[in-house]
Amino acid sequence: MVVASVEPVGVERIRAASVPVIDLSWRRERAAKLIVRACEEFGFFKVVNHGVSDDLVSSMETEAMNFFSLPAREKQQAGPPNPLGYGVRNIGFTGDIGDLEYLLLNTNPSFISQKALSICKTNPTKFCDVVNEYASSMRELATEILEMIGEGLGLEDVHGLSKFIRDTENDSLLRFNHYTVIQQDEPYNNHNHNNNNPSSKSTTRNSKIGFGDHSDPQIITVLHSNDVPGLQILASSPDGPALTNGRLMSVRHRAMAISRSSSSRLSMIYFGGPPLHAQICAFPETVTPQAPRRYKSFTWAEFKKAMYSLRLGYNRLDLYRIG
Ligand SMILES: C=C1C[C@]23C[C@@]1(O)CC[C@H]2[C@@]12CC[C@H](O)[C@@](C)(C(=O)O1)[C@H]2[C@@H]3C(=O)O
Ligand SMILES: O=C(O)CCC(=O)C(=O)O
Ligand SMILES: [Fe+2]
């Protein structure tokens with residue numbers, strides 16, 4: 001619902017210079033206040049001095065690229081996505097198409113070790129070690145950010161947000177998206193066009209929609225990409241997360257597959273999701289006479305079921321809107 005990106009990342013729809021940058025070495029109170037401000041305005045910010053080791057990030061990138069460099073027939077053994085696993089072009093179950101291939105994993109270590117056998121036959125143990133360490137590191141960073149949001153919002157229980165992803169039954173995901181280089185002479189084909197969103201009409205001739213516009217459904221997203229540009233965020237997103245009664249924004253974003261670059265784009269994304277049984281209901285502090293309750297309460301399991309029956313670009317919270 002809130003996207004934090006770990007450097008480097010190319011953000012294009014609002015000028016990269018306007019993207020809020022949060023330095024986690026700042027005084028905590030200041031950082032917390034600025035994170036909340038960024039989430040109220042965009043639902044997106046860039047994090048620096050986050051403490052995630054460069055070596056770990058590059059080991060994770062190497063494992064991901066080793067997988068994407070395999071012959072198609074071998075990669076297909078980790079698919080088709082159900083929704084987890086390896087997928088090409090098809091996103092979800094309702095007909096969304098994008099110019100990418102991806103690997104979608106649950107962060108549960110037993111899921112990883114089972115799936116690793118089809119992803120990295122040469123050294124599944126090393127793959128598991130790197131993925132597990134990367135997932136833990138992302139979870140720690142996400143937990144810290146969510147606690148700062150809790151503090152910045154003045155929640156009585158500052159762990160109210162972070163407890164969802166710290167729960168041992170959390171439903172968090174890791175996604176690796178690989179956007180290969182588009183040949184300049186390929187015909188322009190904006191095939192994943194979302195008619196509800198005017199922003200998607202302005203693609204340039206040398207780009208295609210890699211991953212169509214949408215907002216992420218989980219509590220927090222932490223995204224890292226290599227230095228090939230492509231991520232675009234909408235400056236004024238129309239969606240707000242249910243847990244904060246719409247006070248914070250759920251940023252609408254998409255990824256372009258751009259031909260200007262000579263190398264392919266790799267993004268590695270952690271989605272911090274609550275346990276299936278978790279009840280999603282606005283924190284009392286965010287419901288006031290001026291801001292009455294906007295959404296009915298629902299469980300994460302109910303929400304996921306509804307979400308998988310819907311197109312990527314659909315505003316899923318509309319299903320739960322009061323009035
Ligand atoms: C079309 C779809 C793909 C998606 C599930 C959905 O029905 C709608 C939400 C999509 C999304 C967007 C953010 C994440 O990439 C994702 C894993 C998620 O949780 O919701 C994807 C889903 C997916 O690719 O399975
Ligand atoms: O690959 C990217 O940079 C963004 C993809 C995305 O938004 C997603 O997987 O939810
Ligand atoms: Fe996303």
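Every number for a ligand or one of its atoms is a count from 1 in the order of the listing. Just so you know, these numbers use all the heavy atoms, side chains as well, and skip hydrogens, waters and symmetry mates.
Considering backbone and side-chain atoms together, Arg175 places an N or O closer than 3.5 Å to an N or O of ligand 1. Some N or O of Met307 is nearer than 3.5 Å to an N or O of ligand 1, by distance alone.
With the Fe ion (ligand 3) at the apex, His253 NE2 and Asp216 OD1 define an angle of roughly 100° (rounded to 10 degrees).
Contact analysis puts Gln218 in contact with ligand 1, with a non-hydrogen atom separation below 4.0 angstrom. Within the 4.0 Å heavy-atom cutoff, Arg254 does not count among the residues contacting ligand 2.
Residue contacts with ligand 2, taken as heavy atom pairs separated by less than 4.0 Å, do not involve Thr221 at all. At a heavy-atom distance under 4.0 Å, no atom of Leu100 approaches ligand 2. Residue contacts with ligand 1, taken as heavy atom pairs separated by less than 4.0 Å, do not involve Tyr314 at all. By the criterion of a heavy-atom distance under 4.0 Å, neither the backbone nor the side chain of Ile269 is placed next to ligand 1. Looking at Pro81 against ligand 1, nothing comes within 4.0 Å, counting heavy atoms. At a heavy-atom distance under 4.0 Å, atoms from both the backbone and the side chain of Leu312 approach ligand 1.
Salt bridge annotation for Glu74-Lys121: absent, with no cationic side-chain nitrogen under 4.0 angstrom from a carboxylate oxygen. The residues Arg321 and Asp318 are annotated as salt-bridged, a charged nitrogen and a carboxylate oxygen being separated by less than 4.0 angstrom.
Near His253, meaning under 4.0 Å from any of its heavy atoms, are these atoms of ligand 2: 7 (O). Proximity to Asp216 (heavy-atom distance under 4.0 Å) selects the following atoms of ligand 2: 10 (O). Ligand-side atoms of ligand 2 in range of Tyr179: 1 (O), 2 (C), 4 (C), 5 (C), range being under 4.0 angstrom from any heavy atom.
Here the heavy atom of the protein found nearest to atom 10 (O) of ligand 2 is His214 NE2, 3.1 Å. Of all protein heavy atoms, the one closest to atom 5 (C) of ligand 2 is Asn177 ND2, 3.3 Å. Summary of contacts: the protein heavy atom closest to atom 3 (O) of ligand 2 is Arg265 NH2, 2.9 Å.
Side chains of Glu61 and His224: a donor on one and an acceptor on the other come within 3.5 Å.
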